[in-house]
Amino acid sequence: TAPMRLMIAFPFDLTESQLRSNSGEPTYYDESDKDSSEYASHILEYDWNNKNTIGSSGYSFEFHNGEFYYVIMDYQP
């Protein structure tokens with residue numbers, strides 16, 4: 001059998017609305033504003049559980065002031 005492969009692809013200029021349009025509503029969402037209206041952070045987490053993973057796996061996207069900031073992936077094969 002062929003080995004399992006994990007591939008991710010997304011544009012570096014990804015917007016929150018594009019992410020929601022492509023991936024649906026997140027499993028977890030957090031919105032925070034730091035001490036002023038000049039800074040806003042939105043975290044969107046998507047979890048998946050299936051027979052090919054151990055425990056909970058998924059990914060988290062963070063946007064600062066409406067711009068894509070980073071992505072974190074948690075995958076346990």
Side-chain angles (χ1 to χ4, degrees):
T1 63
M4 288 182 48
R5 294 176 188 242
L6 175 64
M7 297 176 69
I8 58 171
F10 52 87
F12 292 123
D13 61 348
L14 179 70
T15 66
E16 186 175 332
S17 61
Q18 289 172 327
L19 176 62
R20 287 177 184 263
S21 176
N22 182 65
S23 302
E25 288 302 309
T27 309
Y28 171 81
Y29 176 76
D30 184 45
E31 180 177 324
S32 62
D33 298 323
K34 302 281 185 189
D35 301 328
S36 72
S37 61
E38 295 177 15
Y39 176 83
S41 172
H42 296 178
I43 299 171
L44 294 85
E45 294 183 1
Y46 294 86
D47 294 333
W48 74 84
N49 294 307
N50 67 43
K51 65 181 180 177
N52 296 322
T53 63
I54 298 170
S56 180
S57 296
Y59 49 95
S60 174
F61 288 85
E62 187 161 341
F63 295 86
H64 290 187
N65 294 335
E67 294 188 14
F68 178 51
Y69 191 66
Y70 64 79
V71 62
I72 295 173
M73 183 174 191
D74 181 17
Y75 177 71
Q76 300 175 358

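Values below: all heavy atoms of this structure, side chains included; hydrogens, waters and symmetry mates excluded.
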> Mind checking what makes side chain to side chain contact (heavy atoms under 4.5 Å, CB included) contact with T27, not counting sequence neighbours?
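Here the qualifying residues are D47.
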
> Consider only side-chain heavy atoms of I, L, V, M, F, W and Y, link residues closer than 4.5 Å, and tell whether Y46 and F10 are in one cluster.
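Linked within one cluster.
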
> According to the interplanar angle, ranging from 0 to 90°, do the rings of F63 and F68 count as parallel (below 30°), tilted (30 to 60°) or perpendicular (above 60°)?
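Judged by the thresholds at 30° and 60°, the geometry between F63 and F68 is tilted.
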
> Quick check: do R20 and E25 have side-chain heavy atoms less than 4.5 Å from each other?
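With C-beta onward as the side chain, the pair touches.
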
> To the nearest 0.5 angstrom, please state how far the CD atom of E16 sits from the CD atom of E62.
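The CD atom of E16 sits 11.0 Å away from the CD atom of E62.
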
> Would a hydrophobic clustering, with Ile, Leu, Val, Met, Phe, Trp and Tyr connected at side-chain separations under 4.5 Å, put L14 with L44?
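Result: yes, single cluster for both.
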
> Calculate, to the nearest 0.5 Å, the distance between atoms CD and CZ belonging to Q18 and F61 respectively.
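If we round to the nearest 0.5 Å, Q18:CD and F61:CZ are 11.5 Å apart.
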
> Quick one: name the residues clustered hydrophobically with I72, using the 4.5 Å side-chain heavy-atom rule over I, L, V, M, F, W, Y, and just say none if it's on its own.
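Listed partners: Y69, Y70.
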
> Do the side chains of M73 and S57 get nearer than 4.5 Å, heavy atoms only?
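S57 does not reach M73 side chain to side chain.
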
> Could you give the distance from OG (S60) to CG (D74), rounded to the nearest 0.5 Å?
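S60 atom OG to D74 atom CG measures 10.0 Å (nearest 0.5 Å).
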
> Indicate yes or no: at least one non-hydrogen side-chain atom of Y59 is less than 4.5 angstrom from one of S23.
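With C-beta onward as the side chain, the pair touches.
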
> Just to verify, what does E31 make a salt bridge (Lys or Arg N to Asp or Glu O under 4.0 Å) with, not counting sequence neighbours?
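With sequence neighbours excluded, E31 shows a salt bridge (Lys or Arg N to Asp or Glu O under 4.0 Å) to no residue whatsoever.
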
